[in-house]
Protein chains: 2
Amino acid sequence: MTTRIQRRNRRKILDAALDVFSAQGFRGATLDQIAAVAGLSKPNLLYYFDSKETMHRALLDNLLDVWLAPLHALDPQGDPTAEIMGYMRRKLEMSRDYPRESRLFANEVLQGAPRLSDAIAGDLKALVDDKAAVIRGWSAAGRLAPVDPYHLIFSIWALTQHYADFDAQIRLIRGETDPLDGADAFLETLFTRLLTP
Amino acid sequence: MTTRIQRRNRRKILDAALDVFSAQGFRGATLDQIAAVAGLSKPNLLYYFDSKETMHRALLDNLLDVWLAPLHALDPQGDPTAEIMGYMRRKLEMSRDYPRESRLFANEVLQGAPRLSDAIAGDLKALVDDKAAVIRGWSAAGRLAPVDPYHLIFSIWALTQHYADFDAQIRLIRGETDPLDGADAFLETLFTRLLTP
DNA sequence: GTCTATAGTCTGATAGAC
DNA sequence: GTCTATCAGACTATAGAC
């Protein structure tokens, strides 16, 4: 039996954990920091989650569905250029709306994906292989410029996630300007020129 | 007076430290790991470097010169497209030849650039502002397609560093294929199409 | 210069009162 | 359910023999 208070506390803890894990990585984060952000005591955190590891796992499990959704939505029946541009736009929106999730993911992969290799080699690889075949078909039919579908997908990841993951650097270089200001127009031009047959 | 043995040991330690810091981040790394990789005892590490922090600093200081060199080499007198393509190629080579350095840098920036903000807001910003002005001039003169110079530079960083920083993910998706296989041809096409007036 | 031993601190997790 | 107190292990750094 789960009460309303329990659900609320679990959510508060996971939100604080996302704050800290995404900013410090798994080993860099401490339960003290998470407890402080959540406004709860350290033992209280461990009443809701068995361990630091469990907390982190819960975040990654939540993350993966959200992370795969935009690519999942790429429709083989749609217009090729419009579908890929739409995918790019959705990924850029995710960098704007969920920068912490992007950095949580980046921290993991950067450190060799120790807790994500199963998910990446499983669900993510299957999804990418599937959509890569669709894109290859579009190119072969002349409906899209000939491009390597894997590098195309990687380039969308790299360009959109960069704005969340390297936010600190971009801010220091651009000063007052919002890091994402002009990014959509730039990426729109970049991919339109690449994809038009 | 610095002996040959001292120089050799310092180099061995820094190489081991780069291995571990780039793979685990600053807090994730331990002196035990670095000592094991270097083949020295933990107190011996601290004979050559005052602290873990000092070791990390030494790596970052070395890194910055190497990191800025490719953009520094972008020549205002050269052919616009050739200069930018050359810069992109040099950055991609750095991802191939110095992936650990790329990940060391990525780890730092991802965690808010706590130890790099001065260098980024100083030397790096000055260099980027300088080269951005050059690129803007080229576009205004019609020698290059009109592009936002900052986003152009960010896109080169994002696309080239992605192959080093997200290497684990790319390997899991591509299997046997070398992550960088086909990357040069893809990026060549992408930027040629973007930059041609 | 390099080692073993260890001091002192931080951190994840548990015990037990309320 | 939530807290204070605390344990056990890991970690950075130092002391001191050789």
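Heavy-atom basis, side chains included; hydrogens, waters and symmetry copies ignored. The sequence lines fix the lettering, A, B, ..., with proteins before strands; numbering per chain opens at 1.
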Closest-nucleotide mapping onto DNA chain C: is A:Pro43 or A:Thr30 further toward the 5' terminus? I mean the 5' end. A:Thr30
Taking OP1 and OP2 of C:dG12, is either one under 4.0 Å from a side-chain nitrogen or oxygen of A:Ser51?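 It does not, given that no N or O in the side chain of A:Ser51 lies less than 4.0 Å from OP1 or OP2 of C:dG12.
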Counting just side-chain N and O atoms, does B:Ser41 come under 4.0 Å of either OP1 or OP2 of C:dT2? no
Length of the [atom1]-[atom2] vector between [X] and [N], whole Å:
{"X": "B:Phe49", "N": "D:dT14", "atom1": "CZ", "atom2": "C1'", "value": "18 Å"}
{"X": "B:Gln24", "N": "D:dC11", "atom1": "CD", "atom2": "P", "value": "11 Å"}
{"X": "A:Lys52", "N": "C:dC10", "atom1": "NZ", "atom2": "C1'", "value": "11 Å"}
{"X": "A:Lys42", "N": "D:dA5", "atom1": "NZ", "atom2": "C1'", "value": "11 Å"}
{"X": "A:Asp32", "N": "D:dA10", "atom1": "CG", "atom2": "C1'", "value": "15 Å"}
{"X": "A:Leu46", "N": "D:dT6", "atom1": "CG", "atom2": "P", "value": "19 Å"}
{"X": "A:Leu40", "N": "D:dC3", "atom1": "CG", "atom2": "P", "value": "6 Å"}
{"X": "B:Ile34", "N": "D:dA10", "atom1": "CD1", "atom2": "P", "value": "18 Å"}

Please check if the number of heavy atoms outside A:Asp50 that lie under 6.0 Å from its CG is greater than 12.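 Not buried by this count: 12 neighbours or fewer within 6.0 Å.
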May I ask you to check whether over 12 heavy atoms, not counting those of B:Tyr48, lie within 6.0 Å of atom OH?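 Yes - once you tally the heavy atoms of other residues, nucleotides and ligands closer than 6.0 Å, there are more than 12.
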Would you classify [X] as touching base, sugar-phosphate or nothing, given that sugar-phosphate means primed atoms plus P, OP1 and OP2, and contacts are heavy atoms under 4.0 Å?
{"X": "B:Ala35", "result": "nothing"}
{"X": "A:Tyr48", "result": "sugar-phosphate"}
{"X": "A:Thr54", "result": "nothing"}

On DNA chain D, compare the nucleotides closest to A:Asn44 and B:Arg27; which residue's is nearer the 5' end?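 Going by which nucleotide is closer to the 5' end, it is A:Asn44.
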Can you tell me which nucleotide in [options] comes closest to the side chain of [X]?
{"X": "B:Leu31", "options": "C:dG12, D:dA13, D:dG1", "answer": "D:dA13"}
{"X": "A:Asn9", "options": "C:dT14, C:dT2, D:dT2", "answer": "D:dT2"}
{"X": "B:Tyr47", "options": "C:dA13, C:dT2, D:dG1", "answer": "C:dT2"}

Going by the angle between their ring planes, with limits at 30° and 60°, are B:Phe166 and B:His162 parallel, tilted or perpendicular? parallel
When rounded to the nearest 0.5 Å, the distance separating CZ of B:Phe21 from CG of B:Leu104 is 8.5 Å
Do B:Lys91 side-chain atoms and B:Ile156 backbone N/O form a donor-acceptor pair below 3.5 Å?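 No, because the side chain of B:Lys91 does not come within donor-acceptor range (under 3.5 Å) of the backbone of B:Ile156.
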